[in-house]
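Input: a single structure, listed below in structure tokens.
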Amino acid sequence: MMEDDTSDFKKRYDAISQLLQESSGSKEVVLIEGGEHADLSSTQAFIVAKEKKIPPAKWANDFVTKYSQKITDVAAATVKASGPYLNFYFDDSYLANVLKEATKPGYGSLAKKPIRVVLEHTSANPNGPLHVGHIRNSIIGDTLARAFRKAGYRLEIQYYVNDMGRQIAIVVWGFDNLDSARHEGEKEDAHIARVYIAANREIEKDTGITRQVDKLMQLVEEGDPVTVKKFRKEVSRCLDGFAVTLQGLSVAHDRFVWESDFIRNGDTKRIIGRIKKLPQAKEDGTLALDLTECGFEKEYVIRRSDGTSVYGARDLAYHAWKGANFDRIIDVLGADHKLIGAQLQCTLKLLGEKAPDIVHFEFVSLPEGSMSTRAGKFVSADDLIAEVTRCAYDEVTVRRPELDETARKAIAKSVALAAIRYDIVKVSPEKSTVFDWNEALNFERQSGPYIQYAHARACSILEKAGDFTKCYELETEQEIAVAKQVARFPIVIGRVIAELRPHLLATYARELADAFNSFYHFEPVLRSAGTVRDRRLTLVQAVQNTLQESLETLGIDAISTM
RNA sequence: GGGCGAGUGGCUUAGCCCGGACAUAGCGUCAGCCUCCUAAGCUGAAUGCCGGGGGUUCAAAUCCCCCCUCGCCCGCCA
């Protein structure tokens, strides 16, 4: 297992960084990834030039003559000046060490940490099936969760069930008042959506229904047994439907936390009591908070004038509970929750509670406009999975006609999952997207199946090779380029965690596959002999293992044939 | 009106937080590559005032200011 703070790369980085600081006498040290130029690069010369009025290229040259030996001694690297740029090149032991680590199971795992993290994602209202917008939340959240576990954290994944919202009250009203029998073979969440859409149409025609819905909400907050039971029943049925969808996406939760529990157990009442005592509290029929110090113009309402709590109050109770049981809280939320999320963070800080880190993602819309469960305007995740799986099956059938149907179906299922998850996770969360069937059904480059294919190719080579002696001394440019990509994996895992940006891993996996494919076409493995064959097979094994670990962290099956 | 996010070749997209050496890749277009380890692949070509304008800097896609366009939010809904 790789220790993140003692890795070979980090050691060399730190040593070089130290020498740069020493030589420049500057507080600021610039040491960056060298990319195509070198293993590490520095533009320290420009800083020195500014501070000491020494021409940058001259300083860089002087550094090389004065520090070459020291660099070799402490970091096993050579340094060259390229004009004002300093380029550092690690010696052969670097990539040899990388290959040794990368061929071990679990490569990229970071040191175990005693930190307990709770990560909440998806948490969609149970009033209709998950659609392509919801699953952006699920996939970002699940990928992040997998990365946290890979990075050695203790993690619990939660789904916060909004079981007392207006939407659910509307659903319950629909079941009480409309023709609402389930159709033959209809999935439970789809059934609920149908009733929800119908109920909303009735509300549009007759606004008097709104009062009946309000009454239901009041009853549920009071804990009226019959009403509570009705709410629970429909919410549970919807969650059963979600479970099928989420399983199809390889997305798992450890715990479902019900919003109404925070009313029942008194937590909401207690947190309202604490909020009342805050200097920012304003009680005037309603209970509200003045959050101008956090930059919010409008008051944040906690309790209605009729004495009932709003969603925000329950959410505060939920987060206080999370804070009491975990060291760190992470929430994955849509961009529409930015304001409410910031208000939540601010209020928790005022209360002296842990505030969550919130990962926001922008909206997914359809070519014809934004999605709406109420209007029945959405592409459900179930339809997406079904359609992508169908296309994947056709594709497998064309490519591998010799396989039996069961095998082709199994591959199609994994390929479809890869296509969907990758298509969503590859885009940075702050980009709003328009759902595109062509993109979703594309299994070529920059897709999940492309990376799976590179992995399957590596598996195939290893299978045909049989036993071989490990050899860690690489030589050709292609081999070295691939190994350098392999080396980045633990660093990428670390960055995904630090920046809460899972798409970095998606980009990385694609780049590793690119490098490997290029190597594959230029350097024969099985047709080479002796140590050349051994070292290339060792490299293929490192790539196979790294791709497998990357894919699994992305929640994609690392299949060995396709 | 205010707040947040986005704007990168025809389309999609990385890089932006933390400024540096020819701006990442895919789709599409054009030209090639399967008697050879899986062609869901590889190679090459064309296509970019990195939304516009100022500024800071030796150096700006990246930092600062202004403007434009698009999305989201601004409820005693959740």
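To find a chain, count down the sequence lines: A is the first, B the second, and so on, and within it residues start at 1.
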Under a 3.5 Å distance rule, please check whether [X] uses its side chain to pair with a backbone N or O of [Y] as donor and acceptor.
{"X": "A:T227", "Y": "A:L219", "value": "no"}
{"X": "A:N162", "Y": "A:G165", "value": "no"}
{"X": "A:T308", "Y": "A:R304", "value": "no"}

Pair A:E362 + A:K431: basic N to acidic O under 4.0 Å: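 Result for this pair is no, no salt bridge flagged.
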Closest listed nucleotide, where the reference is the side chain of [X] and the choices are [options]:
{"X": "A:M217", "options": "B:C17, B:C76, B:C77", "value": "B:C77"}
{"X": "A:K464", "options": "B:U38, B:C74, B:G41", "value": "B:U38"}
{"X": "A:Y85", "options": "B:A78, B:G20, B:G41", "value": "B:G20"}
{"X": "A:F522", "options": "B:C77, B:U43, B:A14", "value": "B:U43"}
{"X": "A:Y311", "options": "B:A6, B:A78, B:G20", "value": "B:A78"}
{"X": "A:E444", "options": "B:G41, B:C42, B:A78", "value": "B:G41"}
{"X": "A:T286", "options": "B:C76, B:C37, B:C42", "value": "B:C76"}
{"X": "A:E297", "options": "B:C74, B:G2, B:A78", "value": "B:G2"}
{"X": "A:V427", "options": "B:A78, B:U13, B:C74", "value": "B:U13"}

Given atom [atom1] of [X] and atom [atom2] of [N], what is their separation to the nearest angstrom?
{"X": "A:I32", "N": "B:A21", "atom1": "CD1", "atom2": "P", "answer": "8 Å"}
{"X": "A:Y508", "N": "B:G15", "atom1": "OH", "atom2": "P", "answer": "17 Å"}
{"X": "A:K338", "N": "B:A78", "atom1": "NZ", "atom2": "P", "answer": "23 Å"}
{"X": "A:F88", "N": "B:A21", "atom1": "CZ", "atom2": "C1'", "answer": "15 Å"}
{"X": "A:R166", "N": "B:C76", "atom1": "CZ", "atom2": "P", "answer": "13 Å"}
{"X": "A:R495", "N": "B:C16", "atom1": "CZ", "atom2": "C1'", "answer": "11 Å"}
{"X": "A:Y520", "N": "B:U38", "atom1": "OH", "atom2": "P", "answer": "5 Å"}
{"X": "A:F363", "N": "B:C4", "atom1": "CZ", "atom2": "P", "answer": "18 Å"}

Need one value for [X]: base, sugar-phosphate or nothing, where a base atom within 4.0 Å counts as base even if backbone is also close, heavy atoms only.
{"X": "A:V525", "value": "base"}
{"X": "A:E523", "value": "base"}
{"X": "A:H503", "value": "sugar-phosphate"}
{"X": "A:S82", "value": "base"}
{"X": "A:S518", "value": "sugar-phosphate"}

Rounded distance in Å between the [atom1] positions of [N] and [M]:
{"N": "B:U43", "M": "B:C27", "atom1": "P", "value": "11 Å"}
{"N": "B:G41", "M": "B:G26", "atom1": "P", "value": "10 Å"}
{"N": "B:C49", "M": "B:G1", "atom1": "C1'", "value": "34 Å"}
{"N": "B:C11", "M": "B:C18", "atom1": "P", "value": "31 Å"}
{"N": "B:C66", "M": "B:G2", "atom1": "P", "value": "11 Å"}
{"N": "B:U62", "M": "B:C16", "atom1": "P", "value": "12 Å"}
{"N": "B:G10", "M": "B:U47", "atom1": "P", "value": "11 Å"}

- request: Answer yes or no: are there more than 12 heavy-atom neighbours, outside A:K52 itself, under 6.0 Å from its atom NZ?
  value: yes
task: Using a cut-off of 6.0 Å, state whether more than 12 heavy atoms not belonging to A:E283 lie near its atom CD.
output: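 Enclosed: over 12 neighbouring heavy atoms sit under 6.0 Å from CD of A:E283.
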Short side-chain N/O contact to [N] OP1/OP2 from [X], under 4.0 Å:
{"X": "A:T561", "N": "B:U38", "answer": "no"}
{"X": "A:S428", "N": "B:A14", "answer": "yes"}
{"X": "A:R445", "N": "B:G26", "answer": "yes"}
{"X": "A:S460", "N": "B:U38", "answer": "yes"}
{"X": "A:K298", "N": "B:G3", "answer": "no"}
{"X": "A:R536", "N": "B:C37", "answer": "no"}

query: Under 5.5 Å between ring centres and under 30° between planes: does that hold for A:F46 against the base of B:G20?
result: yes
task: Please work out whether B:C34 sits syn or anti, treating a glycosidic angle within 90° of 0 as syn.
output: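 Classified syn.
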- request: Please determine if A:R232 forms a cation-pi arrangement with A:W258, meaning its NZ or CZ atom is less than 6.0 Å from the six-membered ring centre and no more than 45° off the ring axis.
  value: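 The answer is yes; both the distance and angle limits are met.
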- prompt: Is there a Watson-Crick or G-U wobble partner for B:G71 with both distances under 3.5 Å, and if so, which one is it?
  reply: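 Pairing partner, where one exists within any strand: B:C4.
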statement: Paired to B:C30 by Watson-Crick or G-U wobble criteria (both distances under 3.5 Å) is B:G44
